[in-house]
2 protein chains.
Amino acid sequence: MKTADPNIMTLEELKDKNYGKPGTKKRNELEAGYENFKIGVLIQQARIEKGLTQEELAIKVGTTKSYISKIENNIKEARLSTLRKIVELGLGGHIELSIKLK
Amino acid sequence: MKTADPNIMTLEELKDKNYGKPGTKKRNELEAGYENFKIGVLIQQARIEKGLTQEELAIKVGTTKSYISKIENNIKEARLSTLRKIVELGLGGHIELSIKLK
DNA sequence: ATCTTTGTTGCACTTTAGGGAAACTTTATT
DNA sequence: AATAAAGTTTCCCTAAAGTGCAACAAAGAT
């Protein structure tokens with residue numbers, strides 16, 4: 001049973017909610033790099049906000065719930081192209097990748 | 001022969017310089033998604049600003065110049081872990097990955 | 001307590017593409 | 001033009017992404 005909320009929050013808000021405001025220890029850790037970044041958690045949060053089950057998301061994307069589970073738990077490092085499919089087809093969002101120098 | 005400039009600009013500045021200010025057609029295209037994003041071009045620009053050859057960068061990262069070439073020309077989609085190595089070990093920066101919903 | 005629904009995990013398998021070695025091309029230098 | 005340096009492309013192999021299935025564990029609902 002799902003209670004989809006069409007009024008989803010941005011991931012920035014989600015991050016604030018789940019990992020603390022920018023500057024806090026936990027938030028810094030989250031944003032330090034990929035290993036700590038745990039992209040899976042972000043996907044999970046977004047999915048839940050959308051009121052989707054893993055299986056529903058999987059079907060939208062064209063995969064299985066077991067794979068979604070593994071991505072959310074960072075058991076497998078998905079390719080960028082796969083992450084994009086999940087976020088775009090499944091969640092109606094998009095990924096931004098940026099490089100910060102020095 | 002290289003003319004390394006220790007005073008490198010941020011990638012934001014590089015993007016402005018090479019793809020126009022935010023809002024322009026070209027810039028929008030660049031930021032639309034990974035396919036158009038051409039992360040390779042950003043890496044190439046950063047490398048050149050650092051005054052490094054592909055081979056020098058490759059050695060710092062622990063890979064080969066042929067691979068760097070492929071990444072810069074978007075022939076291969078590098079893994080996130082590899083992109084991180086290139087940016088962190090090779091260019092002294094870091095990658096940020098974010099998901100934007102709706 | 002039991003029946004559903006949702007999520008996790010393990011195993012095995014196929015396919016993909018990440019990444020290296022070396023040959024080749026292009027560009028720069030003298 | 002010749003030599004060297006920088007960059008590109010081809011070929012190849014293997015690591016891992018991707019997948020399915022099925023069994024299992026939690027969590028909820030009745």
Side-chain angles (χ1 to χ4, degrees), chain A residues 1-5 8 14 18 33-91 95 97 99, chain B residues 1-5 8 14 18 33-91 95 97 99:
Chain A
M1 228 138 279
K2 63 200 168 187
T3 37
D5 183 4
I8 56 172
L14 282 173
N18 290 287
Y34 182 78
E35 261 106 38
N36 297 325
F37 192 82
K38 304 305 180 198
I39 186 76
V41 176
L42 298 180
I43 288 177
Q44 183 176 57
Q45 291 295 331
R47 175 178 64 80
I48 291 169
E49 288 293 319
K50 283 272 191 176
L52 296 171
T53 66
Q54 287 182 340
E55 192 165 25
E56 289 169 324
L57 175 58
I59 289 167
K60 292 179 82 171
V61 176
T63 180
T64 60
K65 63 175 183 169
S66 70
Y67 186 61
I68 298 291
S69 174
K70 286 166 194 165
I71 297 303
E72 289 188 357
N73 292 292
N74 300 287
I75 292 167
K76 298 238 181 179
E77 178 187 350
R79 294 196 186 117
L80 275 171
S81 50
T82 306
L83 286 177
R84 284 191 72 215
K85 279 203 302 184
I86 294 172
V87 172
E88 292 177 10
L89 299 179
L91 303 170
I95 287 179
L97 182 63
I99 296 176
Chain B
M1 232 135 277
K2 62 200 168 187
T3 37
D5 183 3
I8 56 171
L14 281 173
N18 290 287
Y34 183 79
E35 259 108 37
N36 297 326
F37 191 80
K38 305 304 180 198
I39 186 79
V41 177
L42 299 180
I43 288 177
Q44 183 176 56
Q45 291 294 333
R47 174 178 64 81
I48 291 169
E49 288 293 321
K50 283 270 191 177
L52 296 171
T53 66
Q54 289 181 339
E55 191 166 26
E56 288 169 324
L57 175 58
I59 289 167
K60 292 180 81 172
V61 176
T63 179
T64 60
K65 62 178 184 166
S66 70
Y67 186 61
I68 297 291
S69 174
K70 288 170 201 163
I71 298 304
E72 289 188 358
N73 292 292
N74 300 287
I75 291 167
K76 300 259 180 172
E77 177 187 350
R79 296 202 182 109
L80 275 171
S81 52
T82 306
L83 283 178
R84 282 192 73 215
K85 282 202 299 185
I86 294 172
V87 172
E88 292 177 9
L89 299 179
L91 302 170
I95 287 181
L97 181 63
I99 297 176

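Proteins come first, then strands; the chains are lettered A, B, ... in the order of their sequence lines, and each starts at number 1. Because the structure is predicted, anything quoted here is derived from the model rather than measured.
Rounding to the nearest 0.5 Å places CD of B:E55 at 12.0 Å from OG of B:S69. Rounded to the nearest 0.5 angstrom, B:Q45 CD and A:I99 CD1 are separated by 11.0 Å. Once rounded to the nearest 0.5 Å, the distance linking CD of B:Q54 with OG1 of B:T64 reads 10.0 Å.
In this structure, the CD1 atom of A:I48 is 13 Å from the P atom of D:dA27, given to the nearest Å. What separates CD of B:E72 from C1' of D:dT9 is a distance of 15 Å, to the nearest Å. We find that CG of A:L52 is positioned 17 Å from P of C:dT5, with the value rounded to whole Å. Per the geometry, CD belonging to B:E55 stands 15 Å off P belonging to D:dA4, to the nearest Å. Atom pair A:L83:CG and D:dA16:P shows a separation of 17 Å (rounding to whole Å applied). For the pair A:I68 CD1 and C:dT9 P, the interatomic distance rounds to 15 Å; values are reported in whole Å.
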(request) Sugar-phosphate means primed atoms, P, OP1 and OP2; the rest is base. With that split, encode nucleotides 16-22 of chain C 5' to 3' as B, S or - using protein heavy atoms under 4.0 Å. (result) SSBBBBB
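Residue B:R47 places no side-chain N or O under 4.0 Å from the OP1 or OP2 atom of D:dA6. Proximity of B:N73 to the phosphate of D:dG7: no side-chain N or O atom is located under 4.0 Å from OP1 or OP2.
A salt bridge is defined here as a Lys NZ or Arg NE, NH1 or NH2 lying under 4.0 Å from an Asp or Glu carboxylate O, and B:E56 with B:K50 fails to meet this definition.
Under the 3.5 Å distance criterion, the side-chain polar atoms of A:E77 are matched with a main-chain donor or acceptor of B:S81.
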(request) Report the C-alpha distance between A:I39 and A:I71 in whole Å, list the side-chain angles of each, state the deciding distance to 0.1 Å, and finish with yes or no for side chain to side chain contact (heavy atoms under 4.5 Å, CB included). (result) CA-CA 8 Å; A:I39 186 76; A:I71 297 303; 5.6 Å; no
